[in-house]
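What follows is a short report on a single structure.
Note that the coordinates shown come from a computational prediction; the quantities given were computed from them, not determined experimentally. Naming convention: chains lettered A, B, ... in sequence-line order (proteins, then strands); numbering from 1 in each chain.
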Amino acid sequence: MDLHAQKQAFLQLVSPSLPNEWEVEEVMEALAGVSEDRRRILLSHVPTIWPISHTLCLSYLAQGAMEERSCPPELMPEWVRQILSSYEHGGLRGAREFMADIEANFLDPLRGRACIDLEEVRGRMVPYLRGVSGLPLDLIADGRNSLWTDTRTIFVPGQLHLFADRADNLLFFRFLIVLQWGFIAAGTYRIRPRRGDFALVAERYGVTAEGGGISDYLACFPDPQRAGEALLLFESGNVARDLGRELPGLFRSVRPLWLRLLDRYRGRGGTGRQWLLDRLQEVVSMAESPGGRDDSGKRPGGGQARLAGFAEFHDALSGRCREEDRELLRLLLGVPDFTAAAKRLEQAREEDRELFISLLAGILPKNPSGESDGEKGGTGGKEADSITLPQGRATGEREEAVGLSLLAEVELPPELAAVKGRIETDLGEVPVSYIQSAAGLAGPGRTLAGAAGKDDQRLAVDSSFVYDEWDFRRAGYRKDWCAVIERELPSQRTGFVPLTLQKYRGLIIRMRRQFEMLRTTYRFARRRRYGDDIDFDAMVDAIGDRQAGLAPTDRLFIRLMRDQRDIATLFLVDMSNSTEGWIGQLIKEALVLLCEVMEVTGDRYGVYGFSGMRRSRCDLYHVKHLDEAHGDDVRRRIGAIGPREYTRMGPPVRHLTRRLLETDARMRLLIILTDGKPEDYDGYADSYAIEDTRKALIEARGSGIHAFCVTVDQKAHEYLAHMFGQGNYIFVNRIESLPLRMAEFYRSLTS
Amino acid sequence: MKILNQQPIEEHRIALEPFYLPQANEIDLALAAYHEQLPLLLKGPTGCGKTRFMRYLAWRLGLPLVTVSCHDDLSTSDLIGRYLVRGMEAVWVDGPLTLAVRHGAICYLDEIVEARKDTTVVIHPLADDRRELPVEKLGVLYAAPPEFMLAVSYNPGYQSVLKDLKPSTRQRFVSLTFDYPPPELETRIVKQEGRIAEDLAASLVKLATMTRSLKESGLAEGASTRLLIQAARLLQHGLDIRTACRAGIIESLTDDPELLGAMEEMVQSIF
Ligand SMILES: Nc1ncnc2c1ncn2[C@@H]1O[C@H](COP(=O)(O)OP(=O)(O)OP(=O)(O)O)[C@@H](O)[C@H]1O
Ligand SMILES: [Mg+2]
């Protein structure tokens, strides 16, 4: 537009007023330098500002023309609004001052408000992600501020600020996270390239792969990292289509934002960028088209040519796009790490394999092979009494067949069914070797269990308490394997407890009131000999009885009675070195709060900490014995709790079980507070540790103790349900809420 | 002395076939238990179809269904019966349990764990092979006819240790485990009972599935089939879907602001 036409357009806007020629001239020159779009936006606000102050309006145009780079178009209306309000308060001068530094006066404060901080929204984002995905995924702020996933955790930038509006940023953040899950769900990280795919890249780039996985495949490309990014883009269409079907509402609302963001990049950059923008635009438009379901994307490695055309696609992308164009790609689809994902998947696969084998072994009848028609009943684990297997006939292959058909037909316990499902999605089917191992484990199990008593490595400790330990590999106990040593915590004077009491003052008052209600559950006891009121029902019964010639009862009153709770609870607290720092701090705060509110219930309770190293020294730290009065000593010992060594969980559980059995309470509870998997220095790890802990908890339950766990484990927790039993644990997402959740958990358990 | 039949058993007969879609083999199991004269224990989360199943079973067997909702004030007289005074005469009125035993009906004790333990023991002699009900006040021992069936339900999801079933009670029953039906089935149920379109029903089920994976994040129980039907019903009156989900499902699940926020976002993502 030439200067003259532009001026005419402006005069049209402000007519009928006739501004000074020379003033307008100057502004028009400034405006001539900005892009068409920008000019249109700037001028669109003129009718609003002009009537308020002509001078202000001209300054605004001059300033606005200068700030083309810094103030994004979608922020313009807000900028104008704030200009007008500073004019209202500070006159022309105030408004000019405001406009002079757009960074400091406008953008910074706005960022503060609109910016999404992961930590702020994590509390609802994590449950959202878990609910939507049905997977125990986690969200963590990434150190390098990039977006990626190892298939278990989604790493995101700590903050997100792409739009002026906070709600838009939040929505967009959520969408980016969901997209990452989309790649996990679609199996992008589990693609198994076919031989032909490898041959093709070998031919193109002259590199032969070192393994058969997707990361090995990507490693053949000139730049594996870029190849990974290209793969995400390549897959994004299918992924988005699947997601769009699942979450149409999300796609509908994010679409305008996504397009708006792409538009910012349009018009600049070369054809390569346009090409990329078009691809990225498909992410939100693919989802729109209902289209036939493309199931080839569903089954990773299922023989479908999923990577067909990828190498060409990759080369096209590399050929067209410059490095800076890729920034946008990384922002939206992330910076994948296929090697980390492969490692994580392998780990999960291994965990599932172990879990599967031990669970299946647990339900297979413990019938040594060759022995036919051995025992009819009484075999098989306790948990599996609903499953009976064809017995005998178990020679090598047959056994396998029995196992396989078992998997197909018998109703599996939910945990086993869940692992089986996971293995099948991962590998297509359960490998025969898994079933063989399980059968192997189940077969000789009994003989080994019988021999367990002859263990020659028994512990030579006489002082402390000695307990057996469960070895799942041979399905038997190791006799007198661990020594629990009771120790005292130094009662330190620290500011910790008073500070905590101060910090939670409001909460403690509130919780005390709620806990008081636990104590004062009154109920009307009917048919008492004496009481507060006449029991009308009993009266009618009695009259009826007498009329019928029966001896009427004299229990004719209602009495208000307090329910006898008679509960004894022991809290067992993880003091392993992983609780160092923040977690340990909150665990202690949780204990302080808990003790304060437990006091009002009148329930008996004790608190112990545990940690140690090796089976010969499982230390159990006394904080409060069951009937010890709560007071400054106890508070000081809580203050002295701190991170120590390892987490061998079985022995302290067995020890406290014994302690609880010594009490005469009607209801006995054991509540464990931990931050992760059990683990010790001497090979007490993974399945072994999980199985022993599980066994210890089963033993406790077997003797009538209710055992529960509160965990703040930030990582994997498929094992939790297995270890603690479904419904016997809670997971605290947001560690800051631990003190509250812990107390509430106790309340819900006992009300 | 006379026995008053003020509650004719016929009122408990179910005339029309209740809509019930089987989840698994529960119908066969229940029929087998019936023919073997064994009592039933229905376990499962709230609103997953236990009560509906009992209605269906009663209809299928052509038996009256006497339902008792248990609560902690329920006394043995409430179950067995009591004398009342009519004019100058004492008349005996059967409690629901006695009524069902005498007429060979199904007696269904809903949420049995809510009843006090001293009340639940009265079902013991009925629930083992004796199958008899002593009524001390009348001085009679009713032997249950072959048609009589006892069924109880409870929800193992509530974590309170104070509300657990005693082993001596529990071990008298054939257990049927209910869970939320698989998605396709649940969709059909919601579609039929809520009178809405199939794809909408499928989306509601999707939402429910998402809330059900929040158990470890602190949601006591995910959305039940009942809640889905409830939301579907609200839709009939022109409410928009998000409002119906909020009022009909989400707000009924928790008061925790973060979980509410997360679930609100799920609604917005789906619809
Ligand atoms: N399999 C099914 N077939 C048909 N309808 C079903 C089925 N399952 C659930 N429903 C529907 O869900 C609703 C709730 O089920 P129901 O009242 O039987 O739950 P419940 O298990 O008895 O719950 P509660 O433990 O809270 O009493 C029923 O009214 C019915 O509409
Ligand atoms: Mg019911």
Side-chain angles (χ1 to χ4, degrees), chain A residues 121 123-136 170-171 174 178 246-251 253 411 523-524 526-527 537-538 540-550 565 567 667 669 706 708 717 720-721 726-734 737 741 744-745 748-751, chain B residues 1 24-25 72-73 75 77-78 82-86 88-93 116 136-139 156-164 175 177 179 203 206-207 209-220 222 241-242 256-271:
Chain A
V121 296
R124 52 198 271 194
M125 209 73 110
V126 171
Y128 171 81
L129 177 63
R130 294 204 176 139
V132 165
S133 68
L135 299 171
L170 187 60
L171 176 65
R174 201 189 314 148
V178 165
E246 275 296 292
L247 307 170
L250 178 62
F251 273 76
S253 43
E411 198 182 316
R523 68 181 169 85
F524 285 106
R526 297 180 170 278
R527 295 166 199 272
D537 285 349
V540 172
D541 279 4
I543 295 173
D545 285 353
R546 207 176 56 202
Q547 292 279 338
L550 301 175
R565 279 172 64 86
I567 298 177
M667 188 66 65
L669 264 75
H706 301 275
F708 297 93
H717 21 257
L720 287 174
Q726 203 69 51
N728 291 325
Y729 67 97
I730 56 162
F731 166 69
V732 180
N733 263 333
R734 228 169 32 96
S737 64
R741 289 285 303 280
E744 281 183 339
F745 183 58
S748 73
L749 278 180
T750 61
S751 55
Chain B
M1 165 185 83
N25 55 358
D72 60 2
D73 240 5
S75 69
S77 310
D78 293 332
R82 54 166 51 93
Y83 281 111
L84 291 179
V85 187
R86 284 285 154 97
M88 284 312 287
E89 212 181 359
V91 281
W92 171 263
V93 183
R116 288 195 315 273
E136 278 165 34
K137 292 249 177 85
L138 289 177
Y158 303 136
Q159 283 182 343
S160 177
V161 292
L162 301 179
K163 296 203 176 126
D164 213 353
S175 298
T177 305
D179 206 339
S203 297
K206 204 185 313 169
L207 175 66
T209 315
M210 289 178 183
T211 64
R212 289 168 197 165
S213 15
L214 291 181
K215 204 153 187 176
E216 275 80 61
S217 301
L219 193 66
I241 180 82
R242 290 184 180 184
D256 180 292
E258 289 190 335
L259 286 173
L260 282 175
M263 289 191 287
E264 175 73 37
E265 284 165 6
M266 290 172 191
V267 171
Q268 290 176 6
S269 295
I270 296 178
F271 298 104

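- In this structure, the portions of E246(A) lying under 4.5 Å from any heavy atom of chain B include both its backbone and its side chain.
- Interface residue I543(A): backbone and side-chain heavy atoms are both found under 4.5 Å from chain B.
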Identify all side-chain donor-acceptor contacts of residues 263-271 of chain B below 3.5 Å with residues at least two apart in sequence or on another chain.
unit_1	atom_1	unit_2	atom_2	d
E264(B)	OE1	R246(B)	NE	2.9
E264(B)	OE2	R246(B)	NE	3.4
E264(B)	OE2	R246(B)	NH2	3.1
E264(B)	OE2	Q268(B)	NE2	3.3
E265(B)	OE2	R124(A)	NE	3.0
E265(B)	OE2	R124(A)	NH2	2.7
S269(B)	OG	Y128(A)	OH	2.5
S269(B)	OG	E265(B)	O	2.9

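- For the atom pair L550(A) CG and L138(B) CG, the distance stands at 8.5 Å (nearest 0.5 Å).
- Closest non-hydrogen pair, Y83(B) versus D541(A), comes out as O-OD1, 3.7 Å.
- Of the residues considered (R212(B), E258(B), K137(B)), E258(B) shows the highest number of contacts with chain A, using heavy-atom pairs under 4.5 Å.
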> Checking side-chain contact (heavy atoms from CB on, under 4.5 Å) for the pair R527(A)/S77(B): CA distance, chi angles, key distance, verdict?
Replying inline: CA-CA 11 Å; R527(A) 295 166 199 272; S77(B) 310; 3.7 Å; yes
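- Ranked by heavy-atom pairs shorter than 4.5 Å toward chain B, the options L171(A), L250(A), D537(A) are led by L250(A).
- Annotation: maximal heavy-atom pairing with chain B below 4.5 Å, among V540(A), V178(A), V132(A), L135(A), occurs at V132(A).
- Counting heavy-atom pairs closer than 4.5 Å to chain B, the top residue among P127(A), S133(A), A542(A), G549(A) is P127(A).
- For R526(A), the part sitting under 4.5 Å from any heavy atom of chain B is the side chain, from C-beta outward, and nothing else.
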